[in-house]
Amino acid sequence: KEKKKMSIKRLGIRSAASKINHLGKEAERFQFDITIHEIVDLPNTSSFVCVSWQRGAKNISTKEVQVNSGIAQFNELCSMISTLYRSSKVYLEKDYKFNVMETK
């Protein structure tokens, strides 16, 4: 019989800490839009790069672009929808991660 891995997300289980953190808080959904114009001072060894924007399991990536003289030009709009929680007028912080990745 083949074993299948089941992620916590697929089972619909959230961490207890996360649930406790959001008790009594109002959830609101937002769309965040960023435009990535260019990245400079890249090493000469990079030939193609992309930018990855991550929040938890969500991952948005730009198209691959060629690096010329240490510069990668994108001019690409990226969007991510996220739920923010607030009590009164203060929103809880969320961490996002941006990575520049060499692709070729």
Side-chain angles (χ1 to χ4, degrees):
K1 205 172 188 183
E2 185 179 313
K3 290 184 180 180
K4 291 184 179 180
K5 287 185 179 180
M6 297 203 66
S7 72
I8 290 174
K9 186 176 180 182
R10 271 183 65 187
L11 293 173
I13 300 170
R14 295 174 79 186
S15 73
S18 177
K19 285 183 178 182
I20 291 170
N21 219 11
H22 298 150
L23 280 177
K25 309 270 189 304
E26 184 178 336
E28 295 182 41
R29 292 182 60 80
F30 291 90
Q31 178 173 320
F32 294 96
D33 298 320
I34 63 166
T35 300
I36 299 174
H37 294 283
E38 69 180 8
I39 300 173
V40 298
D41 296 329
L42 290 168
N44 291 331
T45 57
S46 301
S47 56
F48 285 84
V49 295
C50 71
V51 176
S52 170
W53 178 17
Q54 292 178 289
R55 166 70 187 142
K58 295 178 184 178
N59 188 9
I60 310 287
S61 293
T62 64
K63 64 185 181 296
E64 297 176 354
V65 297
Q66 189 167 13
V67 177
N68 292 313
S69 302
I71 300 172
Q73 294 203 354
F74 295 91
N75 295 318
E76 188 171 337
L77 176 69
C78 297
S79 299
M80 185 179 290
I81 295 174
S82 190
T83 302
L84 297 181
Y85 295 88
R86 71 179 175 116
S87 59
S88 70
K89 295 182 181 182
V90 178
Y91 288 94
L92 296 177
E93 290 183 13
K94 280 203 171 181
D95 294 325
Y96 292 86
K97 185 184 341 182
F98 291 87
N99 296 307
V100 177
M101 300 184 300
E102 188 170 14
T103 57
K104 291 182 184 176

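Computed from a predicted model, the values in this text were never measured in an experiment.
- Qualifying ring-ring contact (aromatic ring centres under 6.0 Å, His included) partners for Phe98, counting only residues two or more places apart in sequence or in other chains: Trp53.
- Contacts of Lys63 classified as salt bridge (charged side-chain N to carboxylate O under 4.0 Å, His left out), with partners at least two apart in sequence or in another chain: Glu76.
- Under the 4.5 Å side-chain heavy-atom criterion for ILVMFWY residues, no single connected hydrophobic cluster contains both Phe48 and Leu42.
- Residues passing the side chain to side chain contact (heavy atoms under 4.5 Å, CB included) test with Ser69, sequence neighbours excluded: none.
- One distance of note links NZ of Lys25 with OH of Tyr91; it measures 13.5 Å at 0.5 Å rounding.
- Residues passing the ring-ring contact (aromatic ring centres under 6.0 Å, His included) test with Phe32: none are found, sequence neighbours excluded.
- No continuous path of ILVMFWY side-chain contacts below 4.5 Å connects Leu92 to Met80, so the two sit in separate hydrophobic clusters.
- For Glu102, the salt bridge (charged side-chain N to carboxylate O under 4.0 Å, His left out) criterion is met by no residue, not counting sequence neighbours.
- Residues passing the side chain to side chain contact (heavy atoms under 4.5 Å, CB included) test with Asn99, sequence neighbours excluded: Ser52, Gln54, Lys97, Met101.
- Through direct or relayed side-chain contacts under 4.5 Å between Ile, Leu, Val, Met, Phe, Trp and Tyr, Ile71 connects to Val40.
- Looking only at distances, a side-chain donor or acceptor of Lys94 sits under 3.5 Å from a matching main-chain atom of Thr83.
- Listed by first and then second residue, the salt bridge (Lys or Arg N to Asp or Glu O under 4.0 Å) pairs that reach into residues 28-51 are Glu28-Arg86, sequence neighbours excluded.
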Item to check | Stepwise side-chain contact (heavy atoms from CB on, under 4.5 Å) test for Ser79 and Ile60 | outcome: CA-CA 8 Å; Ser79 299; Ile60 310 287; over 6 Å; no

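- The minimum heavy-atom distance linking Phe74 with Cys50 is given by the pair CE2-CA, 4.0 Å.
- For Arg55, the salt bridge (charged side-chain N to carboxylate O under 4.0 Å, His left out) test picks out no residue, with sequence neighbours left out.
- Minimum heavy-atom separation, Thr35 to Asn75: CG2-C, 4.4 Å.
- Rounded to the nearest 0.5 angstrom, Glu26 CD and Leu84 CG are separated by 11.5 Å.
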